[in-house]
Amino acid sequence: GAIPEMGGEIAIGGGYAGDLDEMHLANVARGADWIKAQFHGQGPEGRLIAYGEGEASDSDSGGVSYFNILLSAVTLDGWVVIGILMVMLVVSFWVMGAKALFISKIARANTAFRARFDELTDELTGDLTALAPAAHGVAATRGGEEHGSSTLYRVYKIGIAELLHRFDLYEKQGAAKTLSPQALGAIKASIDAGLVRENERLNNQMVLLTIAISGGPFLGLLGTVVGVMITFAAIAAVGDVNVNAIAPGIAAALVATVAGLGVAIPALFGYNYLASRVKSISNETIVFADELVTRLAETYAN
């Protein structure tokens, strides 16, 4: 009901024993409907407000993707860097694929040649027609084509060709077909030169992977730094500093760094795998070259 106008201070809870949760003071009279609405709108059992299910996010409802937002905010310089990185990615994958096939082919050829070489008799030149192509009057056979991809075969071919060349000279001079220490040294030098060429052939184009590994992250970092610089320059020109103005530009600038890492990481894994295979084949070829020189010395040395 209405109460008379009161003056002075208002004391709440004087002489009251109990818990007081909330109290309203109003300078107008409240009706019964207002009091009922307050009752139903407060408390855990209130029925005035009904809560529905939470709204689904964009990712749940198939809305706009964050990647679309990032890509739309990438500047022209960022796209230039990302384009260069994509070219590097394609080149590195092409090198890894082609090199893996090339090394696998060499490994199979080396295995086949090694099996044939172990069957040779002590007279290495007598069995040359089974393995080496035409050289100094020795006829080419199916073996030369079969083992053409083998690094062991090419080293063997160099050594035997040098051996037959000297035998031809000795035959014209009427000398015995034996090798002096100097001749063995010359043959070994030719074989060593062949080993260097084989190593260069095995490591051909591997430098492209090292460029992708070391250059990809730096190119990505360059794109990120330039993108951040442009973002802050634009903010300084507008004079509006807030998170909504800064976040899209910086996030888009970081896309270049992600692209650089996306180029470098696969190239790093592929390079390590291919380098281990190349090293294995190279070591096998070196061991075979030493074995070949030793057998030549045992068979034909004075």
**Q** Describe, in one word, how the ring planes of Tyr156 and Phe117 are oriented to each other, choosing from parallel (under 30°), tilted (30 to 60°) and perpendicular (over 60°).
**A**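 Answer is perpendicular, since the angle exceeds 60°.
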**Q** If you define the side chain from C-beta out and look only at heavy atoms, does anything of Tyr271 sit under 4.5 Å from Met96?
**A**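 When only atoms from C-beta onward are counted, Met96 and Tyr271 do not touch, as no gap falls below 4.5 Å.
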**Q** Assess whether atom CH2 of Trp34 is packed by more than 12 heavy atoms of other residues, nucleotides or ligands within 6.0 Å.
**A**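 Yes, the 6.0 Å shell around CH2 holds more than 12 heavy atoms from other groups.
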**Q** Is there a side-chain contact between Met88 and Leu219, using heavy atoms and a 4.5 Å cut-off?
**A**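 Yes, close enough: below the 4.5 Å cut-off.
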**Q** Where is the tightest heavy-atom contact between Leu209 and Ala267, given as atom of each residue plus distance?
**A**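 In this case the closest contact between Leu209 and Ala267 is O-CB, 4.2 Å.
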**Q** Which pair of heavy atoms, one from Gly216 and one from Leu85, lies closest together, and at what distance?
**A**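 Smallest interatomic distance, heavy atoms only, reads O-CD2, 3.7 Å.
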**Q** May I ask whether Met229 and Leu221 are part of the same hydrophobic cluster, defined by side-chain heavy atoms of I, L, V, M, F, W, Y residues being less than 4.5 angstrom apart, directly or through others?
**A**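 They do share one cluster, since a chain of ILVMFWY contacts under 4.5 Å joins Met229 to Leu221.
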**Q** Given Ile191 and Glu162, is the side chain to side chain contact (heavy atoms under 4.5 Å, CB included) satisfied, shown in steps?
**A** CA-CA 9 Å; Ile191 292 176; Glu162 289 290 330; over 6 Å; no
**Q** Start with the C-alpha distance between Asp192 and Leu195, add both sets of side-chain angles, then the distance that settles side chain to side chain contact (heavy atoms under 4.5 Å, CB included), and finish with yes or no.
**A** CA-CA 5 Å; Asp192 290 340; Leu195 287 175; 3.9 Å; yes
**Q** Rounded to the nearest 0.5 Å, what separation is found between the CG atom of Leu208 and the CH2 atom of Trp94?
**A**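 Interatomic distance, Leu208 CG to Trp94 CH2, rounded to 0.5 Å: 8.0 Å.
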**Q** OH of Tyr153 to CG of Asn110: how many Å apart, nearest 0.5 Å?
**A**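 One gets 13.0 Å once the value is rounded to the nearest 0.5 Å.
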**Q** Flag yes if Leu222 and Met86 sit in one hydrophobic cluster, no otherwise; membership is Ile, Leu, Val, Met, Phe, Trp, Tyr, and two members link when side-chain heavy atoms are under 4.5 Å apart.
**A**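 No, separate clusters.
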**Q** I'd like to know if the side chain of Thr111 and the backbone of Ala107 have a donor-acceptor N/O pair within less than 3.5 Å.
**A**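 Yes; at least one donor-acceptor contact below 3.5 Å.
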**Q** Should Ile211 and Ile84 be counted in the same cluster of Ile, Leu, Val, Met, Phe, Trp and Tyr side chains packed under 4.5 Å apart?
**A**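 Result: yes, single cluster for both.
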**Q** Any link between Phe269 and Phe93 through a network of hydrophobic side chains (Ile, Leu, Val, Met, Phe, Trp, Tyr) touching at under 4.5 Å?
**A**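 No, because Phe269 and Phe93 fall into different hydrophobic clusters, even though each may have its own neighbours under 4.5 Å.
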**Q** Are Lys279 and Glu284 ion-paired here, with the side-chain N under 4.0 Å from a carboxylate O?
**A**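 No salt bridge links Lys279 with Glu284.
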**Q** Step by step, work out the side chain to side chain contact (heavy atoms under 4.5 Å, CB included) result for Ile106 and Leu202.
**A** CA-CA 9 Å; Ile106 290 178; Leu202 288 171; 3.6 Å; yes
**Q** At what distance, to the nearest 0.5 angstrom, does CG of Leu292 lie from CG of Leu152?
**A**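 Rounded to the nearest 0.5 Å, the CG-CG separation comes to 10.0 Å.
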**Q** Can a donor-acceptor pair be found, under 3.5 Å and without considering hydrogens, that links the side chain of Ser190 to the backbone of Ala186?
**A**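 Checked: pair present.
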**Q** Surrounding CG of Asn283 (heavy atoms of other residues, nucleotides or ligands, distance under 6.0 Å), is the total greater than 12?
**A**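 More than 12 within 6.0 Å, yes.
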**Q** Supply the atom-to-atom distance Asn203 CG to Lys99 NZ, rounded to the nearest 0.5 angstrom.
**A**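 It is 7.0 Å, given to the nearest 0.5 Å.
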**Q** Mind listing the closest non-hydrogen atom pair of Val81 and Gly223 along with its distance?
**A**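 Minimum heavy-atom separation between Val81 and Gly223: CG2-CA, 3.9 Å.
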**Q** When you measure from the side chain of Asn204 to the backbone of Glu200, do you find a donor-acceptor pair of N or O atoms at a distance under 3.5 Å?
**A**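 Answer holds: no.
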**Q** Could you pull out the closest heavy-atom pair between Ile187 and Leu296, with the gap in Å?
**A**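 It is CG2-CD1, 4.0 Å.
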**Q** Compare every heavy atom of Val263 with every heavy atom of Ala212, then report the nearest pair and how far apart it is.
**A**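 Taking Ala212 first and Val263 second, the nearest heavy atoms are CB-CG1, 4.0 Å.
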**Q** Could you tell me whether the side chain of Thr224 and the main chain of Thr257 form a donor-acceptor pair under 3.5 Å?
**A**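 Side chain of Thr224 to backbone of Thr257, a donor-acceptor pair under 3.5 Å: yes, one is there.
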**Q** Any link between Ile281 and Tyr273 through a network of hydrophobic side chains (Ile, Leu, Val, Met, Phe, Trp, Tyr) touching at under 4.5 Å?
**A**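 Both belong to a single hydrophobic cluster.
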**Q** Measuring from atom CD of Glu198 to atom CZ of Arg201, what distance do you get when rounded to the nearest 0.5 angstrom?
**A**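 If we round to the nearest 0.5 Å, Glu198:CD and Arg201:CZ are 5.5 Å apart.
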**Q** To the nearest 0.5 Å, what is the distance between CZ (Arg277) and OG (Ser282)?
**A**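 Between Arg277 CZ and Ser282 OG, I get 13.5 Å after rounding to 0.5 Å.
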